[in-house]
Amino acid sequence: MTNGNPETQDVRTISNFLRDQIAEDVRTKKYGDAEVQTRFPPEPNGYLHIGHAKAICLDFGLADEFGGKTNLRFDDTNPEKEEQEYVDSIQADVRWLGFEWDRLCYASDYFGQLYEWALQLIKAGKAYVDDLTADEIRQHRGTLTEPGKDSPYRNRSVEENLDLFVRMKNGEFPDGSRVLRARIDMASPNLNMRDPVMYRILHATHHRTGDAWCIYPMYDYAHGQSDSIERVTHSMCTLEFTDHQPLYRWYIEQLGIFPSQQIEFDRLNLTYTLLSKRKLLQLVQEKHVSGWDDPRMPTLSGIRRRGFTPEAIRTFCAAIGASRTNGTTDIEMLEHFQRDDLNRRARRAMAVLRPLKLVIDNYPAGQEELFEVANNPEDPAAGMRQVPFTGEVYIEQDDFREVPPPKYYRLSPGKEVRLRGAYFVTAQSVVKDADGNIVEVHCTYDPASRGGSSPDGRKVKSTIHWVSTAHAISAEVRIYDKLFTKADPGDVEEGESFLSNLNPDSLEILNDAKLEPSLASAKVEERFQFERVGYFCLDRDSTAGKLVFNRTLPLKDSWAKIEKKAGG
RNA sequence: UGGGCGAUCGUCUAAUGGUAGGACAGUGCCCUUUGGAGGCACUUGUCUAGGUUCGAAUCCUAGUCGCCCAGCCA
């Protein structure tokens with residue numbers, strides 16, 4: 001599944017309390033000889049994001065480690081928020097991440113069974129129909145510090161409850177008029193146990209069951225039993241469900257069904273990143289981004305389009321582990337694992353993002369050469385390619401300074417550098433426009449340095465990339481940066497929203513980047529390292545006449561660091 | 001202020017009563033036909049106070065701080 005590099009393997013075997021728990025249960029045969037069974041249970045009401053990737057890696061990864069299986073189960077108990085579009089995208093994203101489920105399930109598959117069990121609880125005096133309004137139920141629930149009060153309908157007879165519940169199911173009552181509640185303990189210090197609602201009336205069309213039902217089970221009433229039906233042994237979920245565990249167990253115990261167990265772990269938080277479905281939806285709806293798959297979004301479809309790889313995401317998830325502490329992982333951690341993966345696998349190419357013409361005055365007019373360069377110095381198996389060279393090339397504007405600052409190793413008047421894989425060149429003069437901007441640099445080359453090294457053993461401080469002007473293909477390059485300016489996007493002044501932390505420079509479009517000709521055959525989603533610049537992938541907006549590349553991540557830039565230090 | 005959960009380098013995470021380790025970030029050096037990558041080195045940590053123990057990050061007590069819970073959402 002993952003490649004065999006040492007780092008990946010190290011990271012995969014980091015212990016965590018979930019693995020320990022499963023190992024213990026297997027050792028003690030808590031579930032007899034049953035194999036480990038897990039599930040990933042998203043509600044199809046939005047797109048999956050990097051936080052879900054952590055859960056997916058845990059659910060699928062741990063089951064796999066123990067030779068068990070994982071179901072993909074849609075927790076589709078609220079027809080008002082759920083759509084087929086999300087069901088489809090979630091499946092695509094899970095597969096993209098590299099996981100295949102054992103069974104594809106839906107909580108809605110169990111509506112019939114859940115209903116039968118509700119009848120059973122009513123007959124046992126463990127559930128009742130309540131006619132209180134939502135407001136009244138809230139008032140009766142009490143507060144964090146005060147116990148709740150019994151509903152006046154709490155002691156209806158079994159017969160009356162049965163009659164009313166059947167009629168609820170038959171559609172005799174309007175939305176909100178009644179609910180079915182579990183009869184537990186209105187004085188419990190755990191609010192979830194104060195007679196939680198099991199069913200509400202919702203005359204809504206469900207994306208799968210259509211209009212077959214007008215009562216829908218609540219999460220708490222559906223989740224544990226769904227786990228139980230699927231014989232899930234380890235039901236892993238995030239920490240905020242810890243308070244629900246007693247209720248999860250209560251339903252299973254009352255019903256006497258397969259004892260699935262819930263184990264909670266901490267949710268992923270990332271610096272400079274928002275992982276709230278509600279806020280992500282707002283970004284999409286208010287068009288602060290182009291859609292769920294905008295390359296700046298933390299959705300799996302977004303970071304996929306950005307150029308991130310499933311391998312790197314999985315390695316990242318393994319590296320951050322799982323615990324029960326509430327922390328925030330530095331986004332640089334994710335970026336590190338992504339660079340690490342791409343460095344090993346991405347084909348290299350030369351691309352000049354902000355072109356400056358370099359004219360080699362002593363290069364024979366009209367001459368053209370092909371230089372052979374490695375597709376990936378990290379991976380000899382990637383082979384070589386030929387790059388055309390002429391007496392006029394584009395170099396990066398940043399790679400020339402008329403007045404070089406201290407420690408600047410690149411091209412400047414009188415300085416010699418290497419054009420990668422080609423020749424040593426020495427800058428001689430500049431041509432400026434009427435405004436004094438440098439529009440052209442003239443240089444001379446050393447014909448003896450063909451291939452990039454001089455027979456006299458002379459060294460140059462710097463190697464820069466280039467693209468022959470005669471062969472360059474123009475492209476659009478989209479430079480993405482963090483979507484938010486603050487490590488905690490939710491950290492705002494009184495009265496402001498997270499939107500005020502939006503980074504106004506999160507997208508910069510470069511319209512006239514110059515690429516080496518081999519890039520013409522790039523495929524959508526194909527990833528490259530543009531040497532000395534960063535990692536890029538071809539966007540699906542590309543057309544035959546116009547390539548569009550997304551910058552996944554810049555390369556680490558130690559010159560930028562030096563410059564920043566000197567400047568600040 | 002009721003209940004629950006938690007607290008280890010700046011960050012994430014190991015150590016399961018017996019040497020506080022790794023990764024990210026940072027710093028310095030080496031190397032380099034990518035100021036990339038790589039190599040080496042360095043810096044920094046057990047929330048506090050008591051207790052148990054030959055020995056405590058780990059167990060106990062109290063405190064402090066943080067997160068979660070009062071949807072007919074999940």
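Order of the sequence lines fixes the chain letters, A, B, ..., with proteins taken first and strands second; residue numbering starts at 1 for each chain.
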Look at all strands and tell whether [X] reaches a base, only sugar-phosphate, or nothing, counting heavy atoms closer than 4.0 Å.
{"X": "A:T329", "answer": "sugar-phosphate"}
{"X": "A:G321", "answer": "nothing"}
{"X": "A:V197", "answer": "sugar-phosphate"}
{"X": "A:E332", "answer": "sugar-phosphate"}
{"X": "A:L334", "answer": "nothing"}
{"X": "A:S462", "answer": "nothing"}
{"X": "A:Y216", "answer": "nothing"}
{"X": "A:S323", "answer": "sugar-phosphate"}
{"X": "A:E146", "answer": "nothing"}
{"X": "A:H244", "answer": "base"}
{"X": "A:R410", "answer": "base"}
{"X": "A:N45", "answer": "nothing"}
{"X": "A:N78", "answer": "sugar-phosphate"}
{"X": "A:N190", "answer": "nothing"}

Using the side-chain hydrogen bond (donor to acceptor under 3.5 Å, both in side chains) rule, take A:T38 and A:D59 through it: C-alpha gap first, then chi angles, then the decisive distance, then the call.
CA-CA 6 Å; A:T38 64; A:D59 289 331; 5.1 Å; no
With the side chain defined as heavy atoms from C-beta on, A:N16 is closest, among B:U11, B:A14, B:G35, to B:A14
[atom1]-based separation of [M] from [N] [nearest Å]:
{"N": "B:A7", "M": "B:A57", "atom1": "P", "value": "15 Å"}
{"N": "B:U44", "M": "B:U11", "atom1": "C1'", "value": "12 Å"}
{"N": "B:G4", "M": "B:A70", "atom1": "C1'", "value": "14 Å"}
{"N": "B:U13", "M": "B:A20", "atom1": "C1'", "value": "13 Å"}
{"N": "B:U58", "M": "B:G18", "atom1": "C1'", "value": "11 Å"}
{"N": "B:G38", "M": "B:U16", "atom1": "C1'", "value": "36 Å"}
{"N": "B:A41", "M": "B:G35", "atom1": "P", "value": "26 Å"}
{"N": "B:G50", "M": "B:G10", "atom1": "C1'", "value": "30 Å"}

In Watson-Crick or G-U wobble terms, both distances under 3.5 Å, what is the partner of [N]?
{"N": "B:A41", "value": "B:U27"}
{"N": "B:G66", "value": "B:C5"}
{"N": "B:A56", "value": "none"}
{"N": "B:A20", "value": "none"}
{"N": "B:A15", "value": "none"}
{"N": "B:A49", "value": "B:U61"}

So for atom NZ, which belongs to A:K277, do other residues, nucleotides or ligands contribute more than 12 heavy atoms lying within a distance under 6.0 Å?
yes
Can you see whether A:F424 has A:R458 sitting over its ring - NZ or CZ less than 6.0 Å from the centre and within 45° of the normal?
no
Per the O4'-C1'-N9-C4 / O4'-C1'-N1-C2 angle with a 90° window around 0, B:G45 comes out anti
With a cut-off of less than 4.0 Å, is there a side-chain N or O of [X] near OP1 or OP2 of [N]?
{"X": "A:R339", "N": "B:U34", "value": "no"}
{"X": "A:K556", "N": "B:U34", "value": "no"}
{"X": "A:T145", "N": "B:G3", "value": "no"}
{"X": "A:H336", "N": "B:C24", "value": "yes"}
{"X": "A:R194", "N": "B:A70", "value": "no"}
{"X": "A:T242", "N": "B:C69", "value": "no"}
{"X": "A:R138", "N": "B:G71", "value": "yes"}
{"X": "A:R200", "N": "B:C73", "value": "yes"}

Distance, rounded to the nearest Å, where A:R420 contributes CZ and B:A37 contributes P:
14 Å
Out of A:R339, A:R345, A:R344, which one pairs with A:D341 under the side chain to side chain donor-acceptor pair (under 3.5 Å) rule?
A:R345
Residues of residues 373-387 of chain A with a heavy atom under 4.0 Å from any atom of RNA chain B, listed by number, are A:P377, A:E378
Check: A:R194 side chain, A:R141 main-chain N or O, donor-acceptor pair, under 3.5 Å:
yes
Counting the benzene-type ring for Trp, do A:F308 and A:F316 have ring centres under 6.0 Å apart?
no
base_contact_polar (B:G10 base, A:D330 side chain, donor-acceptor, <3.5 Å)
no
